[in-house]
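Here's the structure, in structure tokens; my notes come after.
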Amino acid sequence: MINEYISHKSYAIVSGYIDNTVVTEMGVTSKIDRTVIIHFPKGTFFSPGQKISVYIDNRTGVDEFDSNLNIYRVAVKGTVIQRQSDYIVADICFYELFYGTTIVERFSKEGYSHPNDHREAITLPETPLVMTDIRDKLIIDNNKVGVFVTTAPEVPHSSIMAYLATKGDDVFIISHKGSFKSDNIEKNRDCTFTIDHRGEFSFETAVFWNFTVLKGLIYRISGNNPVFSFLQTAFVDKNPWEKIFFTHDNIEMFHIQAQEVICPQKDNYCPRELITA
């Protein structure tokens with residue numbers, strides 16, 4: 001059971017579709033077994049019958065990571081079965097709980113199967129950024145990973161990603177070619193990227209809400225683009241424990257251009273802001 005590995009009081013990055021648009025909100029779990037209860041202190045628009053992806057990990061209180069990302073992390077697929085003003089209850093349909101690169105637990109509800117993906121591939125445009133847009137604008141901070149949400153049939157796909165960011169809210173990520181997230185990117189450029197600050201704030205403080213959600217469009221950064229090698233070096237400098245991954249022959253690099261930046265610590269924050277066109 002997930003609750004044997006991850007505390008019942010954990011951050012939950014919840015994603016689903018509203019009007020065919022990816023919506024990402026952040027909550028706190030209070031129960032995890034065959035259902036998950038997620039509280040949203042500033043409200044939620046997820047409703048009964050809605051399919052969601054819930055990313056949870058045990059990074060709270062962990063400042064350093066090793067080369068295998070040895071934390072417990074899971075992306076739960078579920079369906080909302082109850083909603084109140086500030087929380088939802090979701091029935092869990094599927095999950096794979098990882099520690100490092102190893103699956104330590106897997107659950108699939110009877111009758112569940114991954115939906116087929118009949119979407120056609122698209123051609124990703126090359127990033128419009130050039131070296132002068134990036135060289136002096138990279139943010140050097142302690143946050144090493146965020147949660148990347150891509151579109152997939154029926155429910156978004158959530159995964160943890162190392163990242164770099166600029167003062168202009170551009171985010172850069174590296175993925176392996178042929179991964180599920182890369183396949184999704186090749187079919188839809190829409191995404192969200194969530195950066196939390198739990199390494200800088202206590203749980204009680206961070207929950208009210210020191211995190212940022214970027215709603216963005218994805219561009220490719222080709223290997224022959226000078227920006228690629230510059231950012232590749234920056235990735236290694238920020239995350240030296242992942243040098244083998246960042247320098248692998250099978251990697252590809254993407255640029256997330258922020259279309260909207262949501263900072264829920266604002267007094268006037270409302271989740272509906274995430275789904276503006």
Side-chain angles (χ1 to χ4, degrees), residues 1-18 22-62 69-117 145 147-161 180-181 184 192 194 196 198 203-204 206-207 209 211 213 271 274:
M1 301 291 289
I2 296 175
N3 55 17
E4 296 177 10
Y5 302 93
I6 297 176
S7 169
H8 71 280
K9 186 180 180 181
S10 297
Y11 293 102
I13 297 171
V14 188
S15 297
Y17 295 123
I18 295 179
V22 177
V23 178
T24 297
E25 300 175 6
M26 195 164 181
V28 177
T29 62
S30 63
K31 176 186 177 183
I32 315 171
D33 45 40
R34 290 297 179 249
T35 61
V36 56
I37 299 176
I38 308 165
H39 297 261
F40 302 90
K42 298 204 175 186
T44 180
F45 285 96
F46 294 124
S47 302
Q50 190 163 20
K51 295 181 179 180
I52 58 174
S53 174
V54 185
Y55 176 87
I56 313 166
D57 65 38
N58 69 338
R59 277 187 292 147
T60 301
V62 177
L69 194 61
N70 285 335
I71 58 172
Y72 291 103
R73 61 195 190 280
V74 61
V76 171
K77 297 185 186 301
T79 302
V80 178
I81 56 176
Q82 183 182 350
R83 171 189 164 183
Q84 297 296 327
S85 60
D86 62 349
Y87 75 89
I88 59 173
V89 181
D91 182 41
I92 295 176
C93 301
F94 176 85
Y95 66 78
E96 289 178 335
L97 178 71
F98 282 85
Y99 184 78
T101 58
T102 302
I103 297 175
V104 296
E105 185 174 274
R106 183 180 187 274
F107 169 76
S108 183
K109 189 176 181 179
E110 185 176 356
Y112 174 84
S113 62
H114 293 308
N116 294 323
D117 191 347
V145 291
V147 176
F148 181 46
V149 179
T150 54
T151 65
E154 297 187 3
V155 64
H157 175 69
S158 306
S159 54
I160 192 171
M161 298 288 291
F180 188 67
K181 68 180 76 67
N184 287 336
T192 66
T194 300
D196 70 68
R198 74 185 78 179
F203 187 95
E204 288 73 18
V207 79
W209 282 97
F211 74 95
V213 178
L274 287 179

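Computation of the quantities below employed the complete heavy-atom set of this structure, encompassing side-chain atoms and omitting hydrogens, waters and symmetry-equivalent molecules.
Formation of a donor-acceptor pair under 3.5 Å by the E96 side chain with backbone atoms of A75 is not found in this model. The closest donor-acceptor contact from the side chain of N58 to the backbone of I6 lies at 3.5 Å or more, if one exists at all.
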### Message
The test is side chain to side chain contact (heavy atoms under 4.5 Å, CB included); show your working for T24 and V147 and say whether it passes.
### Response
CA-CA 10 Å; T24 297; V147 176; over 6 Å; no

### Task
Apply side chain to side chain contact (heavy atoms under 4.5 Å, CB included) to the pair N184 and D117, showing each step before the final yes or no.
CA-CA 9 Å; N184 287 336; D117 191 347; 4.2 Å; yes

### Task
Go through the steps to decide whether K181 and M161 satisfy the test side chain to side chain contact (heavy atoms under 4.5 Å, CB included), and finish with yes or no.
CA-CA 11 Å; K181 68 180 76 67; M161 298 288 291; 3.4 Å; yes

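Between F40 and F46, the two ring planes are tilted [angle within 30° to 60°].
Once rounded to the nearest 0.5 Å, the distance linking NZ of K77 with CD1 of I52 reads 11.0 Å. For the atom pair I32 CD1 and I56 CD1, the distance stands at 4.0 Å (nearest 0.5 Å). Note that CD1 of I88 and CZ of R83 are 9.0 Å apart. Values are rounded to the nearest 0.5 Å.
With contacts defined as side-chain heavy-atom distances shorter than 4.5 Å, the pair Q50/I18 qualifies. Counting heavy atoms from C-beta on, the side chains of Y17 and K51 never come closer than 4.5 Å. Contact check for Y72 versus D57: no side-chain heavy atoms found under the 4.5 Å cut-off. When side chains are defined from C-beta on, V22 counts as touching T151, because their heavy atoms get closer than 4.5 Å.
The closest side-chain donor-acceptor pair between S53 and S158 falls under 3.5 angstrom.
With a 6.0 Å cutoff to the six-membered ring centre and a 45° limit on the axis angle, R34 counts as a cation-pi contact of F107.
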